[in-house]
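Sharing a structure with you now.
The sequence lines fix the lettering, A, B, ..., with proteins before strands; numbering per chain opens at 1.
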Protein chains: 2
Amino acid sequence: MTEPDPPLTATDRLRHEIVTGRLGPGERLVEMQLTELLGAGRGAVRSALVELEKEGLVTREANRGATVRRVSLAEAIQITEARSALEALVAAHAAERADASDRRRLQAVLKEMSRAVRSGDHARYSELNSSLHSELRRISDHTVANELVANLRHRAAGHEYRLALMPGRPEESLTQHRAIVEAIVAGDPEAAAGAMRAHLTSVIDVLRHWARVEQPAV
Amino acid sequence: MTEPDPPLTATDRLRHEIVTGRLGPGERLVEMQLTELLGAGRGAVRSALVELEKEGLVTREANRGATVRRVSLAEAIQITEARSALEALVAAHAAERADASDRRRLQAVLKEMSRAVRSGDHARYSELNSSLHSELRRISDHTVANELVANLRHRAAGHEYRLALMPGRPEESLTQHRAIVEAIVAGDPEAAAGAMRAHLTSVIDVLRHWARVEQPAV
DNA sequence: ATCGACAATACTGTTCACAATCACGAGGCG
DNA sequence: CGCCTCGTGATTGTGAACAGTATTGTCGAT
C-alpha cells in the first residue's frame, strides 16, 4: 500500500533475469527473442538494452548484438572497492542524521540478524541484510550515492551470492554490521564510515582469496 | 593517428551541448528538433535521451518529453561528496601503482599549473587540471571508479564552472593539488586519499557558501 | 467575466517494413 | 592443402507512418 504504482518495466524485468542468474554471463540477448520473454515491443527491448549497458550489466557491439556482461573477479573487486567508498559516505551521513526512532529500528534489525545467524537461517539473514541497507539508504538521504550503490550491487551480484555460503562468514559479517550500527547510533560519522569500510574490505579479502584459489582466467 | 576511430555519436554530441551549457537547464528537448541539431534519426535521438537520463543529465516524463535536468545546489553538493569518495579511492590506487615515469609526469604537470596560476591564465589552468585528472585516471587503472567519476563531473559541470572565477581560488586549489601529487610521488595511499578528500571538501565548502549567499530557489 | 466541455495541436510511444552489416560456409584457385 | 572470394542467413539499425496522450485554445452557458 505504501507503494502507489510499481508498473514493472521491460528494463526491470530484464535486469531481474540477469542479476538472478537466469540469464548467465556471455548469453546472447537477441532482440526478437526478448520481445517474447519480456512481452514488449522491439523498441522497448532496445531501450532496455541501452539502459542495462549503461548500468554495466550488458555489453553491446555494433551490428553484433548484446550479451550478458561477463564480470571478472578483478572487476568484482573494483566494484566492491567503489561500493566501499560510497557506502562509507552513506553510513557517515546516516550517523549524522539518524534520530531516535531510526536508531531503534536499526537496533531491532540487528537483533533479528543476530537471531537469524544463531539459527543458521541464511535466507532470513540475507533478507535482513537488505533491510539494514534499505534503512541506511532512507536515513542517509543521499540520493546520488545511494543510486550509484544500487547500481554497483547489481553489477557484482554474480560474485557475491557465494559469500553467504562461506563457513564462519555470517558470524564475521554480523559483528561488522554490529559495529556499523553502533557507530551510527552513537552519532559518530567517522566511526560509521570506518566500520563500513572495514566490512567491505573483508568482503574484498574474500574475493581476493578466491582469485588466488580459483583458475585466474577462463 | 594515435586515435584509431573517434566517430562522435549522437549521444556524445547531445551531452556536449548540455555540459557546455548551450542547452540550458529546463530546456525542452523535442525529439524532432534534435534530429536536425544532431543530424541523426529519431531512433538514435531517443536512444541518446535514454542514455543521458541514466547519466543524470536529462529528465524524461512519460508522454511529456525530455528536458535538460536542473541540478540544485544541494544535489551538486551530493555529487561532489560522491566524487570525493571515489576520487580518494582513485588517488590511493594511483599512489600504489605510480612508477618513476608516472611521477615525473605528474610533477611536470604540477609545475606547469603553478606557472599558469602565477600568470593568471585561467583557461590554461583548467586545461592542466584536466590533464592531471587524466593522468590519475591512467595511473590508477581503476576502470569502475573512473567511469563513475567521469559521470559525476558531467553532472555537476553547471555548478563548477564558476569555481575558477573566485578570487584566491586558483592559489588554494594549486596547493591542494600539490599535496595530492606529493603524496602519490611518496607512494602513500592514505595521504593521497586524504589530500584528495581535502581538495574536494574545500570545493564543497565553496558550494555551501553559495547556498547561503544566493537565493535558495529559482 | 468564469468556468467547463470540447476540439485542435504537438508531441511521444509503437509498429512495421526494409536496408545495412556481420558471421558462416561453400566453392574456386593458386 | 591453404587461402581468398562470394553467396546466404540471421540480426541489428533506420526510416516512415500511425496510434495514444497531454496541453492549449475556443466557444458557449451561467
Any N or O donor-acceptor pair linking the side chain of Arg42(A) to the base of dG13(D) at under 3.5 Å? yes
Does the pair Glu75(B) and Arg69(B) meet the rule for a side-chain contact (heavy atoms from CB on, under 4.5 Å), with working shown? CA-CA 11 Å; Glu75(B) 191 180 357; Arg69(B) 187 131 192 278; 2.8 Å; yes
If you look at every strand shown and take non-hydrogen atoms under 4.0 Å, does Leu29(A) touch a base, only sugar-phosphate, or nothing? sugar-phosphate
Counting just side-chain N and O atoms, does Arg64(A) come under 4.0 Å of either OP1 or OP2 of dA23(C)? yes
Of the nucleotides dT11(D), dT14(D), dT21(D), which has the atom closest to the Val30(A) side chain? dT11(D)
Using distance alone, with no hydrogens and no angle criterion, decide if Glu87(A) and His199(A) have a side-chain donor and acceptor under 3.5 Å apart. no
For a quick check of understanding: with a heavy-atom distance under 4.0 Å over all strands, which category does Gly43(B) fall into, base, sugar-phosphate or nothing? nothing
When you check the gap from the basic side-chain N to the acidic O, do Asp102(A) and Arg97(A) get nearer than 4.0 Å? no
So that I can tick it off, tell me whether Arg124(B) and Glu112(B) are bridged by a salt bridge, with the cut-off set at under 4.0 angstrom between side-chain N and carboxylate O. yes
Take the C1' atoms of the five end pairs on each side of the helix from dA1(C)-dT30(D) to dG30(C)-dC1(D), derive the two axes, and give their angle rounded to 10 degrees. 20°
Point-to-point distance, once rounded to the nearest 0.5 Å, from OG of Ser126(A) to CD of Glu160(A): 11.0 Å
Considering only heavy side-chain atoms of Arg28(A), the closest of dA23(C), dT11(D), dT14(D) is dT11(D)
